[in-house]
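Data first, discussion second: the structure below is written as C-alpha cells.
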Amino acid sequence: MNKYIVEFLGTMFLMFVIFATGHWLAIGAALAVIAFIGGPISGGAYNPAVAISLYAAGKVSKSDLLPYIIVEILGALGGFYLY
C-alpha cells in the first residue's frame with residue numbers, strides 16, 4: 001500500500017510544480033527529489049507511460065500495473081486541483 005501512496009503523492013507534487021512554475025529547472029528538481037525519496041519505495045514511475053515501460057522491463061509486476069496507472073492519474077488530477 002505504501003508504494004501506491006508514494007506514487008500518488010509524487011505524481012501530485014510533480015504535476016503541481018509543472019502547473020505552478022512551468023520552468024524546466026523546477027520540474028527537473030522536483031522529479032529528482034521525488035525520485036530520490038520515493039524511488040526505493042515504489043520504483044519511481046510517477047507517469048503511466050513509465051509504469052508501462054517498467055512493466056515491459058520486468059521491474060513492475062502485472063498485478064501492480066493497473067493500480068499504478070490509476071493512482072498516477074488520480075495524483076495528476078490532485079495536483080491540478082491543488083494548483
Side-chain angles (χ1 to χ4, degrees):
M1 188 59 151
N2 287 340
K3 57 187 167 185
Y4 303 128
I5 294 170
V6 168
E7 286 289 322
F8 175 81
L9 293 175
T11 305
M12 186 170 66
F13 177 69
L14 179 63
M15 291 305 296
F16 177 77
V17 170
I18 290 171
F19 287 128
T21 66
H23 192 268
W24 60 271
L25 188 58
I27 295 167
L31 186 58
V33 166
I34 61 175
F36 281 125
I37 293 172
I41 299 169
S42 69
Y46 308 116
N47 181 339
V50 175
I52 292 169
S53 298
L54 289 173
Y55 169 70
K59 297 185 186 237
V60 171
S61 67
K62 187 175 184 178
S63 63
D64 283 338
L65 182 61
L66 187 60
Y68 267 32
I69 292 172
I70 291 170
V71 298
E72 289 164 355
I73 290 171
L74 291 176
L77 289 173
F80 173 73
Y81 287 120
L82 185 63
Y83 170 71

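Just so it is clear, the structure is predicted and the values come from calculations on it, not from any experiment.
- Annotation: Phe80, atom CZ; neighbour count of heavy atoms from other residues, nucleotides and ligands within 6.0 Å does not exceed 12.
- A side-chain hydrogen bond (donor to acceptor under 3.5 Å, both in side chains) check over residues 68-83, counting only residues at least two apart or in different chains, returns nothing.
- Connection of Phe8 to Val33 is not established within any shared hydrophobic cluster, with ILVMFWY side chains joined at heavy-atom distances below 4.5 Å, either directly or through further cluster members.
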Listed pairs under 3.5 Å, donor-acceptor, residues 44-55 side chains, sequence neighbours left out:
| residue | atom | partner | partner atom | Å |
| --- | --- | --- | --- | --- |
| Tyr46 | OH | Ile34 | O | 2.8 |
| Asn47 | OD1 | Ala49 | N | 3.0 |
| Ser53 | OG | Ala49 | O | 3.0 |

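- In the hydrophobic clustering (ILVMFWY side chains linked at under 4.5 Å, chained through shared members), Trp24 is joined by Leu25.
- Residues Leu74 and Leu66 are members of one and the same hydrophobic cluster, defined by side-chain heavy-atom contacts under 4.5 angstrom among Ile, Leu, Val, Met, Phe, Trp and Tyr.
- Legend: side-chain hydrogen bond (donor to acceptor under 3.5 Å, both in side chains) pairs involving residues 25-34, not counting sequence neighbours: none detected.
- Across all their heavy atoms, Gly38 and Val6 have their closest contact at CA-CG1, 3.6 Å.
- One distance of note links CG of Leu31 with CZ of Phe13; it measures 10.0 Å at 0.5 Å rounding.
- Residue pairs meeting the side-chain hydrogen bond (donor to acceptor under 3.5 Å, both in side chains) criterion with at least one member in residues 9-20, sequence neighbours excluded, do not occur.
- Under a hydrophobic-cluster definition in which Ile, Leu, Val, Met, Phe, Trp and Tyr are linked whenever side-chain heavy atoms come within less than 4.5 Å, directly or via other members, Met1 and Ile37 are assigned to different clusters.
- Sequence neighbours left out, the pairs with a member in residues 3-30 that pass salt bridge (Lys or Arg N to Asp or Glu O under 4.0 Å) are Lys3-Asp64.
- The minimum heavy-atom distance between Ala26 and Thr21, with the atom names listed, is CB-OG1, 3.6 Å.
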